[in-house]
Number of protein chains: 2
Amino acid sequence: MRPGGRSARIRALVLAAVRADLVEHGYDSLTIDTIADRSGVHRTTVYRRWRDVGGLLADVLTEATADIWQPPDTGTLEGDLSAINREIYTALTADPPITTALIAASFRSPDAARALQAFWSDRYARCRPVVDHAVARAEIPADTDPHRLLIAATAPLYHQLVLLRAPASPELPDQAAHDAAVAATAGAFTSSSTSPRRSA
Amino acid sequence: MRPGGRSARIRALVLAAVRADLVEHGYDSLTIDTIADRSGVHRTTVYRRWRDVGGLLADVLTEATADIWQPPDTGTLEGDLSAINREIYTALTADPPITTALIAASFRSPDAARALQAFWSDRYARCRPVVDHAVARAEIPADTDPHRLLIAATAPLYHQLVLLRAPASPELPDQAAHDAAVAATAGAFTSSSTSPRRSA
DNA sequence: ATCCTAACGCTACAGTCGTCGTGATAGGAG
DNA sequence: CTCCTATCACGACGACTGTAGCGTTAGGAT
């Protein structure tokens with residue numbers, strides 16, 4: 001019943017319908033009813049298994065996410081961060097906007113929120129070697145906080161494209177990567193450099 | 001009819017109902033019907049004037065936003081950025097979460113999206129003197145891009161609290177401010193320091 | 001004081017969402 | 001091969017959305 005049986009077939013049908021509808025009509029028209037009609041699976045079945053549109057997108061993400069992903073290794077911190085940011089930039093400006101759709105859905109669907117959280121958590125963890133290599137090359141201090149550096153490098157991209165809805169400009173990824181690399185080189189993300197400060 | 005008349009009274013009634021319902025039941029249960037019942041204003045009237053929930057939240061924001069807002073002036077760049085970030089942190093962790101609700105709504109309502117965009121655009125523009133003062137004090141290079149610096153300082157907050165949904169930790173604002181200030185001091189956000197780089 | 005018009009109230013409607021109870025069926029276990 | 005159960009199909013339901021038409025009213029203008 002589980003692996004090769006009816007359930008698996010239904011799931012494949014539904015997820016295929018989601019992807020197909022996503023490329024044709026985008027995220028806004030993505031409704032449970034549409035997917036049910038398109039896949040030939042009944043409404044209530046889709047509701048029972050996926051709860052809402054967010055659940056559907058979450059399942060599409062987890063299915064599409066290759067967990068073989070490896071961070072870049074260009075030889076310099078800035079190069080690595082640039083490569084990461086270009087990948088994010090591509091995902092956020094892609095068509096169909098699956099990532100953006102999932103982000104939008106995450107505000108209404110706990111399933112989508114969890115899937116996104118898990119995805120990002122995994123990716124940031126996998127990027128940690130980028131920082132380690134930079135430390136090994138003595139580009140940045142040894143006590144640099146990897147997570148904080150990676151957040152600083154990538155956050156401007158998300159902020160500009162997702163929240164501020166700024167027009168996509170191709171130099172954005174490299175700029176953010178450069179700025180974060182300079183900051184790290186100057187010793188910004190070290191635990192020692194932030195706690196003693198307690199200005200008014 | 002306009003300023004002190006019926007329209008203004010209706011608007012006050014509805015917006016008060018929105019705020020009240022927001023503090024009691026949060027964003028999820030915020031529906032047009034609820035607001036109509038609560039305010040005593042008819043459904044169709046609410047739909048006509050505000051279109052959807054996003055329109056309501058947008059109006060609440062514009063009404064609540066004092067356009068007398070001034071950026072901090074603590075005497076140092078890091079101090080100013082910290083003050084700004086603490087304000088953002090407070091807004092994003094506030095209860096009721098009006099800002100978060102508006103961000104969520106902005107993905108479904110053009111009105112909410114526009115209101116947010118206008119709000120942020122205004123705030124970032126008003127923060128520009130912070131960077132100018134830092135330049136005047138010779139803390140950072142004169143060709144520092146103000147917008148880029150401000151984005152870098154504030155983006156990690158939004159990213160962590162809104163998208164990554166990380167647990168709120170009070171040192172976040174100061175950390176991000178510190179890191180951005182160090183980056184700016186090291187000459188990160190200058191136009192000259194990013195264009196020549198074109199590494200593999 | 002009287003008109004005039006913008007704004008509101010009301011009813012009705014079609015569409016979507018999400019859930020529930022009931023019956024049918026596929027496919028694994030014995 | 002037969003049973004047993006998880007899963008699906010079906011129909012119906014209440015709630016919310018968003019719109020349209022039409023009557024009503026408040027309040028500014030002359």
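Order of the sequence lines sets the chain letters (A, B, ...), proteins ahead of strands, with each chain counted from 1.
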Does [X] reach the side chain of [Y], with side-chain heavy atoms less than 4.5 Å apart?
{"X": "B/Phe119", "Y": "B/Leu102", "value": "no"}
{"X": "A/Val53", "Y": "A/Val18", "value": "no"}
{"X": "A/Asp174", "Y": "A/Arg86", "value": "yes"}

So does [X] reach the base of [N] with its side chain, donor to acceptor, closer than 3.5 Å?
{"X": "B/Arg48", "N": "C/dG9", "result": "yes"}
{"X": "A/Arg49", "N": "D/dT7", "result": "no"}
{"X": "B/Arg43", "N": "C/dG9", "result": "no"}
{"X": "A/Thr44", "N": "D/dC10", "result": "yes"}

[N] [atom2] sits how many Å from [X] [atom1], rounded?
{"X": "B/Arg51", "N": "D/dG18", "atom1": "CZ", "atom2": "P", "value": "8 Å"}
{"X": "B/His25", "N": "D/dC16", "atom1": "NE2", "atom2": "P", "value": "12 Å"}
{"X": "B/Arg38", "N": "D/dC16", "atom1": "CZ", "atom2": "C1'", "value": "18 Å"}
{"X": "B/Arg11", "N": "C/dC8", "atom1": "CZ", "atom2": "C1'", "value": "17 Å"}
{"X": "B/Arg6", "N": "D/dG27", "atom1": "CZ", "atom2": "P", "value": "7 Å"}
{"X": "A/Arg9", "N": "D/dA6", "atom1": "CZ", "atom2": "P", "value": "19 Å"}
{"X": "A/His42", "N": "C/dT19", "atom1": "NE2", "atom2": "C1'", "value": "12 Å"}
{"X": "B/Tyr47", "N": "D/dG18", "atom1": "OH", "atom2": "P", "value": "5 Å"}

If you compare every side-chain N and O of B/Thr31 against the phosphate oxygens of D/dA15 (OP1, OP2), does one of them come in below 4.0 Å?
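No.
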
Under 4.0 angstrom between B/Ser7 side-chain N/O and C/dA7 OP1 or OP2:
no

Applying a 4.0 Å non-hydrogen cut-off, can you work out what B/Asp33 is touching in the nucleic acid: base, sugar-phosphate, or nothing?
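Base, at least one base atom sits under 4.0 Å.
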
Identify whether NZ of Lys or CZ of Arg in A/Arg126 sits under 6.0 Å from the centre of the six-membered ring of A/Trp69 and within 45° of that ring's axis.
no

Looking at B/Tyr27, I'd like to know if the NZ or CZ of B/Arg108 sits under 6.0 Å from its six-membered ring centre while staying within 45 degrees of the ring's axis.
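Judged by the rule, B/Arg108 and B/Tyr27 form no cation-pi pair.
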
